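To start, the structure under review is shown below, and the notes come after it.
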Amino acid sequence: MDNGGQKVIQFDIRGQICPSTLLIALKEMNRHKEALRSGDMVLLFKTDNRDATVTIPDAAEHMGYGATVAKEANYYLITVDNGI
Amino acid sequence: MKLMEKAMGAFGRFAAAGELDRLARDNELLREREQTAVTYIRRKINQLLLVMGTLPLRPEELDDQTLLELDPIGIIADSFAQVLDHLNQTNDKLKLANREIQAILSAAGVGILVVNSEMRIEAFNQKLRELFLRDEGEIIGKPCYELLCKRQDPPESCTVEKVLASRVGAHLTAWEFGDRLFDVAGAPIRNRYGDVTNVVIVYHDITDRVRTEKALRETGEMYRNVFEHASDLIQSVSPDGTFNFVNRAWRETLGYNDAEVATLTLSDIIHPDHRDECLQNFRQLLAGARIDRVDTVFIARDGTPVPVEGNVSCIFANGSPVATSCIFRRVAPRV
């Protein structure tokens, strides 16, 4: 997916629980760190695990990224970007 | 010969059985070692997961083979590397911000004090020491009310206490320290939960300003007194034509009291025959023209003409007229 020149990758991790949800998110943030830092990429995580709405944004912010959580109909959408 | 072959066969079977036993023991040992290693890896992964703020792994969540393939330790180690990078960058920014704040504090011409919620001093600038604490030694950690207010308890009008209680800024004017007067302003510093953890107090020395204002007030009173008792008619008129000030001679000559003067404008006291000329002069004066001498005729409350002559001037501020000042003497009517 492309959002105005910014690459958007979405991960559907519904059905996963902690700590797997966090490990998956961390793995992707590590894998795409250069693109995330430069603002060329945004990661979206769809999850139905309420704990992940805290652990993933907390970890992302500790790593210097920005993270927001939006409540959708039957899942949470966590957006991780460069925070700028 | 056959006996020999039989003996060798029996020996071979015996040796093979021994090798199998040894292999079985080695296999058991390796299994135990692997189990120990996997247990250690799970323990370390859980330790790291807890540091990352999440739950430990459940054995049913990842079997041993998947655990090794997923490599959680590698994932968390890479994440920690990013966390450390971010912390280092944040530290660099904080150091720069701290240096900037120190430079601002040093350059400020006011005393600045930072105290914690127990009113103990945590930071201050050089100006504060110059103003209040020249002869004090170490002051960090000491209660501010002991050092600045010279008391064992905070005073009733304590700005720090007001800020801590109200959680918003507070202001105290004319706080005395020795023979000096200070304007004191306090502002809260809140933590992420909104609690006030520190208070910043700024002390602005207003002694000279207060003394100057007092001297100006006294001088103003003196001139007002002189004007009030002068025999000439003295008036100060705003650009809109209303009167800022008239003296007693003016009021008595024209027959108005203070309350009535407040409702008058310049054109009300000028004789109709002289009104156009006089108002033209007034406008020119406001526009910056110099008019040294004025001859005109006022009209008293009872309609009596009052011929006067005098001097007028205009006060300007930032290029704009503020008021005209006029001193008139009564003269004999012209024939």
Side-chain angles (χ1 to χ4, degrees), chain A residues 7 9 11-69 75-76 78-84, chain B residues 37-98 100 190-195 197:
Chain A
K7 193 173 180 186
I9 304 181
F11 301 91
D12 191 342
I13 51 175
R14 284 177 288 186
Q16 301 270 3
I17 56 172
C18 278
S20 293
T21 46
L22 178 63
L23 285 171
I24 292 167
L26 290 177
K27 188 175 180 179
E28 299 306 327
M29 285 190 269
N30 291 333
R31 192 205 304 258
H32 300 293
K33 63 181 179 184
E34 282 85 10
L36 272 174
R37 292 245 182 263
S38 65
D40 292 337
M41 184 180 284
V42 172
L43 301 181
L44 302 178
F45 298 96
K46 277 184 175 179
T47 177
D48 50 11
N49 173 22
R50 192 177 167 83
D51 289 340
T53 62
V54 176
T55 56
I56 293 175
D58 274 2
E61 284 167 14
H62 287 144
M63 293 158 77
Y65 300 119
T68 55
V69 180
Y75 63 90
Y76 298 97
I78 302 172
T79 304
V80 176
D81 58 23
N82 66 356
I84 297 173
Chain B
V38 168
T39 303
Y40 175 80
I41 290 169
R42 283 188 181 277
R43 196 166 64 240
K44 287 295 139 187
I45 290 170
N46 287 341
Q47 187 182 354
L48 293 171
L49 287 171
L50 284 171
V51 172
M52 289 300 288
T54 189
L55 299 171
L57 279 172
R58 282 172 290 271
E60 69 272 19
E61 194 172 357
L62 290 176
D63 60 37
D64 292 349
Q65 186 59 38
T66 313
L67 179 78
L68 296 175
E69 286 170 5
L70 182 61
D71 186 22
I73 291 180
I75 292 173
I76 297 174
D78 287 346
S79 300
F80 278 172
Q82 290 205 63
V83 170
L84 283 174
D85 279 348
H86 177 57
L87 283 177
N88 286 332
Q89 288 170 12
T90 305
N91 280 340
D92 288 343
K93 287 178 187 170
L94 284 173
K95 283 176 189 166
L96 178 62
N98 190 41
E100 287 172 350
R190 298 187 184 86
N191 64 15
R192 62 191 295 189
Y193 307 109
D195 301 322
T197 58

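Source: prediction; values computed, not measured. Chain A is the first sequence line, chain B the second, and so forth, proteins listed ahead of strands; every chain is numbered from 1. Values below: every heavy atom of this structure, side chains too, minus hydrogens, waters and symmetry copies.
Of the atoms belonging to A/L23, heavy atoms from both backbone and side chain fall under 4.5 Å from chain B. Of the two parts of A/Q16, neither the backbone nor the side chain holds a non-hydrogen atom closer than 4.5 Å to a non-hydrogen atom of chain B. At a 4.5 Å heavy-atom cutoff, the contact between A/R37 and chain B is made by side-chain atoms alone.
Atom CE of A/M29 is separated from atom OG of B/S79 by 6.5 Å, given to the nearest 0.5 angstrom. Rounded to the nearest 0.5 angstrom, A/K27 NZ and B/D71 CG are separated by 8.5 Å.
By the 6.0 Å contact criterion, NE2 on A/H62 is open, its count of non-hydrogen atoms from other residues, nucleotides or ligands being 12 or less.
The shortest heavy-atom contact between B/M52 and A/A59 is CE-CB, 3.8 Å. Taking both residues in full, the closest heavy atoms of B/V83 and A/M63 are given as CG2-CG, 3.5 Å, listed atom of the first, atom of the second, then distance. Closest heavy-atom contact between B/P56 and A/P19: O-CD, 3.7 Å.
Chosen from A/D58, A/T55, A/V54, A/L26, the residue pairing most often with chain B at heavy-atom distances under 4.5 Å is A/L26.
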